[in-house]
There are 2 protein chains.
Amino acid sequence: MPKNEFTCDCNVIHKDVVDNTIKNMPNEDLFNKLAEFFKILGDTTRVKILFALDQNEMCVCDIANVLGMSKSSISHQLGTLRRSGIVKCRKSGKEVFYMLDDEHVKQVFEIGVQHIEHRR
Amino acid sequence: MPKNEFTCDCNVIHKDVVDNTIKNMPNEDLFNKLAEFFKILGDTTRVKILFALDQNEMCVCDIANVLGMSKSSISHQLGTLRRSGIVKCRKSGKEVFYMLDDEHVKQVFEIGVQHIEHRR
DNA sequence: TTGACAGTTGAATAAGTATTCACATATAAT
DNA sequence: ATTATATGTGAATACTTATTCAACTGTCAA
């Protein structure tokens, strides 16, 4: 994590480009949220969960079975995804059904998938 | 990381959904690449670098100045981004100019930015 | 009320990673 | 050749985090 503006150990080579870029940089908050968003997507287990939920809403046990993992592990990851606004859920009796939070999330995820499929 | 199909500790509740989802799951390789791609984007420093490169190609020192960080740190991150096919570079004398690798990367990144800006 | 099952959660361990430091390489200018 | 500058990189440290384990809550059925 950057500490302050004096951490840099070299000269400005292209002053105009540097000045202009600094002028256009959004605030720290946007970068933190953006990185956090991508970071949440950047885990094999979570990506698999999202791929499953991109097709059907599913309960915890079903997801655990699809991925061959423990309920606890899946529940932890779903909690992470929910707190990040990437999935939401609805309760029905003993079961909790999870789904992608909105169309926007769905779109970003699917473009990511296309990006990878496009590259091989 | 999942070990095998017997790691799951609960019953299948909705057999049709589970079977169908398993049938549609891509191979492990796609999930790993997809997660890796998002993971690389999921760091505040790298997101800032990409935001800068989304406007201009820039050399290492200029990026270090824009972010207020050391050359070494920036160089390490640029190496990570380059090995992942997210940025590319061209040499010019002593300097190395970095830029986003292609339009696809640019698009995914910008949609991510829109996603965050949309949410506040 | 008792048992069974779906899901959640805190703590601990194990694995991964960003930055720093010290040094190496490469190019240009004197 | 020598110096200065731009960049790359291996190792170490500090920090983060995914999964497991063990407990817990809540709901349904007998």
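Every chain is numbered from 1, with letters handed out A, B, ... down the list of sequences.
Across the protein-nucleic acid pair, Ile40(B) atom CD1 and dG16(C) atom P stand 14 Å apart, rounded to whole Å. Taking atom CD on Gln77(A) and atom C1' on dT17(D), their separation rounds to 9 Å, with Å as the unit. Atoms CG (Asp9(A)) and P (dC21(C)) sit 10 Å apart, rounded to a whole Å. Nucleotide dT25(C) holds its P atom 14 Å from the NZ atom of Lys91(B), rounded to whole Å. Look at CD on Glu57(A): it is 12 Å from P on dG7(C), rounded to the nearest Å. For the pair Phe97(A) CZ and dT8(C) P, the computed distance is 12 Å after rounding to whole Å. Straight-line distance from the CZ atom of Arg83(A) to the C1' atom of dT17(D): 12 Å, rounded to whole Å. One atom, CG of Asn32(B), and another, P of dA18(D), lie 15 Å apart when rounded to the nearest Å.
The base of dT9(D) sits with one of its N or O atoms less than 3.5 Å from a complementary donor or acceptor on the side chain of Ser72(B). Between the side chain of His76(B) and the base of dT20(C) there is at least one donor-acceptor pair of N/O atoms closer than 3.5 Å.
Of the two residues near DNA chain C, Lys94(A) and Gly79(A), the one whose nearest nucleotide lies more 5' is Lys94(A).
Contacts of Ile74(B) with the nucleic acid, taken as non-hydrogen atoms under 4.0 Å apart, are absent. Within the nucleic acid shown, Ile13(A) comes within 4.0 Å of sugar-phosphate atoms alone, with no base atom in reach, counting heavy atoms only. Counting any heavy atom pair closer than 4.0 Å across all strands shown, Cys10(A) reaches no nucleic acid atom.
Screening Asn20(B), Asn24(B), Thr21(B) for a side-chain hydrogen bond (donor to acceptor under 3.5 Å, both in side chains) with Gln55(A), the sole residue that qualifies is Asn24(B).
Contact annotation: Tyr98(B) does not reach the phosphate of dA6(D) (side-chain N/O to OP1 or OP2, under 4.0 Å). Contact between the side-chain N/O atoms of Arg82(A) and the OP1/OP2 oxygens of dT8(C) is not found at any separation under 4.0 Å. The phosphate of dT17(C) has OP1 or OP2 within less than 4.0 Å of a side-chain N or O from Lys39(B). Within the structure, a side-chain polar atom (N or O) of Ser70(A) is placed less than 4.0 Å from OP1 or OP2 of dT20(D).
You'll find that the side chain of Thr45(A) is closest to dT19(D), out of dT19(C), dT19(D), dG26(D). Closest to the side chain of Met69(A), out of dC28(D), dT19(D), dA28(C), is dT19(D). Listed nucleotides: dC5(C), dA18(D), dG7(C). Nearest to the side chain of Ser75(A): dG7(C).
Note: Phe51(A) and Phe109(A) have perpendicular aromatic rings, judged against thresholds of 30 and 60 degrees for the angle between ring planes.
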(request) Check step by step if ring pair (Phe, Tyr, Trp, His ring centres under 6.0 Å) holds for Phe97(A) and His14(B). (result) CA-CA 11 Å; Phe97(A) 289 92; His14(B) 309 91; 5.5 Å; yes
(message) Show, in sequence, the C-alpha distance, side-chain angles and deciding distance for Asp29(B) and Lys33(B), and conclude whether the salt bridge (charged side-chain N to carboxylate O under 4.0 Å, His left out) test is met.
(response) CA-CA 6 Å; Asp29(B) 184 56; Lys33(B) 284 182 178 160; 3.2 Å; yes
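Ion pairing between a basic and an acidic side chain is recognised when a charged N comes within 4.0 Å of a carboxylate O; Lys48(B) and Glu28(A) show such pairing. Using a cut-off of 4.0 Å between Lys/Arg side-chain N and Asp/Glu carboxylate O, Glu110(A) and Lys106(A) are scored as salt-bridged.
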